[in-house]
Protein chains: 2
Amino acid sequence: MVGSKVRLEDRECPLSTALGYVGEWWTLLILHDVFDGYTRFDQFQENLGISTSMLTARLRALVDDGLLEKRPYQQRPVRHEYVLTDLGRSLRPVLVALAAWGNSRLAPEQRSMVLVDAGTRREVEPVLVDAATGRRVDGDGFVFAAGPAASSAFRERYPEAAPGPAGDASGEGRTRVPPRS
Amino acid sequence: MVGSKVRLEDRECPLSTALGYVGEWWTLLILHDVFDGYTRFDQFQENLGISTSMLTARLRALVDDGLLEKRPYQQRPVRHEYVLTDLGRSLRPVLVALAAWGNSRLAPEQRSMVLVDAGTRREVEPVLVDAATGRRVDGDGFVFAAGPAASSAFRERYPEAAPGPAGDASGEGRTRVPPRS
DNA sequence: CAGTATCCTGTCCGATACTG
DNA sequence: CAGTATCGGACAGGATACTG
């Protein structure tokens with residue numbers, strides 16, 4: 001993300017917000033390792049081939065952002081392990097969606113990793129659906145719409161969302177501005 | 001990744017593969033604009049506040065990668081529009097998942113954009129489920145497993161995926177629980 | 001083992017200027 | 001309007017060396 005933490009603006013594009021957390025190249029890869037049960041510095045390093053300085057920086061960012069928790073698992077010398085917070089865990093769908101797309105780009109024989117049912121060990125095909133109705137949201141039956149904090153420009157373009165509690169009529173300024181450094 | 005396109009190795013982590021396409025900061029933001037119906041250079045520029053050189057570079061990469069198609073919509077002077085390819089469209093779940101997570105990080109009043117049912121205009125909560133069974137895949141009932149191309153190191157760590165028959169590639173119409181939109 | 005510190009390269013990215 | 005070309009800054013990221 002261009003500069004670094006620019007998050008928490010008044011109004012923000014959710015995509016920018018998300019990218020502020022996981023926009024860096026290594027971040028999702030590290031997170032994936034953690035989801036797989038790895039917890040330690042050298043494990044990440046070996047699995048990913050990332051340099052020590054970068055790994056240090058990324059882990060720190062992850063911890064600062066509240067996605068990972070760093071805690072000592074032994075004293076003298078003090079050693080830490082990195083574990084997911086609830087917030088970090090909530091990123092799993094993103095990881096899975098991205099991995100699924102990546103796999104779709106690879107020939108089946110090239111797939112090094114697939115998502116399986118832990119019980120049956122059968123490969124699954126993850127799809128996004130509306131939690132309320134179960135309908136797939138990839139078609140054109142679903143669109144993005146202006147939310148409560150949409151700028152007026154945004155609002156012009158998009159129809160309003162549902163029966164708004166409509167705290168609208170607020171100011172403006174652009175949403176969807178990329179983070180400045 | 002690091003150096004840019006390093007894609008198409010023999011074995012590849014699907015996440016790396018995906019990030020090779022959409023790992024750059026601006027890429028997903030541009031794609032989102034396209035999903036919203038924008039097609040032209042200046043529209044992207046205005047919406048995103050991206051510099052011309054970067055926009056040019058990103059659009060070119062997107063076109064080279066086959067996510068966007070560039071086609072002239074007028075001659076003299078020749079002007080182009082950028083439209084999604086099928087491949088580009090297939091990224092929608094990733095975008096939606098990421099946006100949903102971003103929104104979850106924002107107070108409801110800060111949300112500038114939400115996903116709604118195009119018909120009812122009611123906001124939806126997208127969740128990832130197994131296409132075959134409809135079960136949510138965010139819990140621990142689903143894990144990543146070694147695929148056909150897993151390295152030996154990877155294979156040591158992960159149990160294999162479903163037993164060979166996996167003829168799943170063949171016809172066998174999977175009953176998609178969720179109806180098409 | 002788990003980092004920290006330093007140096008260096010590549011490139012992401014914006015700003016500006018120019019073109020058909 | 002839709003870019004191309006060039007410049008320069010900031011930082012991602014690797015390599016190496018060092019520490020407790």
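Below, chain A is the first sequence line, B the second, and so on; all start at residue 1. Since the structure is predicted, the reported quantities are computational estimates derived from the model, not experimental observations.
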Rounded distance in Å - [atom1] ([X]) to [atom2] ([N]):
| X | N | atom1 | atom2 | result |
| --- | --- | --- | --- | --- |
| Leu48(A) | dG14(D) | CG | P | 10 Å |
| Leu29(B) | dG14(C) | CG | P | 11 Å |
| Glu24(B) | dA12(D) | CD | P | 13 Å |
| Gln43(A) | dA2(C) | CD | P | 8 Å |
| Leu19(B) | dG13(D) | CG | P | 11 Å |
| Ile30(A) | dG13(D) | CD1 | C1' | 12 Å |
| Leu55(A) | dA5(C) | CG | C1' | 15 Å |
| Met54(A) | dC11(D) | CE | C1' | 8 Å |

What string of B, S and - do you get for nucleotides 15-20 of chain D, 5' to 3', if B is base contact, S is sugar-phosphate-only contact and - is no contact with any protein heavy atom under 4.0 Å? BB---B
Looking at the side chain of Lys70(B), which of dG3(D), dG13(D), dG14(C) is the nearest nucleotide? dG3(D)
Out of dG3(C), dC13(C), dA12(D), which has the shortest distance to the side chain of Tyr82(A)? dG3(C)
Rounded at 0.5 Å granularity, tell me how far CD1 in Ile30(A) sits from CE in Met54(A). 9.5 Å
To the nearest 0.5 Å, how far apart are CG in Leu29(A) and CG in Leu48(A)? 5.5 Å
Below the 4.0 Å mark, does [N] have OP1 or OP2 next to a side-chain nitrogen or oxygen of [X]?
| X | N | value |
| --- | --- | --- |
| His80(A) | dG3(C) | yes |
| Trp26(B) | dG14(C) | yes |
| Tyr73(A) | dA2(C) | yes |
| Arg40(B) | dA2(D) | yes |

Taking [X] for the side chain and [Y] for the main chain, is one N or O donor matched with an acceptor at less than 3.5 Å?
| X | Y | result |
| --- | --- | --- |
| Arg92(B) | Val137(A) | yes |
| Thr85(B) | Glu69(B) | no |
| Asp65(A) | Leu67(A) | no |
| Arg111(B) | Asn103(B) | yes |
| Gln43(B) | Glu46(B) | no |

So which heavy atom on Pro14(B) is nearest to which on Ala99(A), and how close? CB-O, 3.4 Å
Tyr82(B) six-ring centre to Arg40(B) NZ/CZ under 6.0 Å and within 45° of normal: no
Give Phe44(A) one of three labels, base, sugar-phosphate or nothing, depending on what nucleic acid heavy atoms sit under 4.0 Å from its own. nothing
Counting runs of three or more consecutive pairs, Watson-Crick or G-U wobble, with each distance below 3.5 Å, where are the stems of DNA chain C? C:1-19 with D:2-20
Under 6.0 Å between the ring centres of Phe144(A) and His32(B)? yes
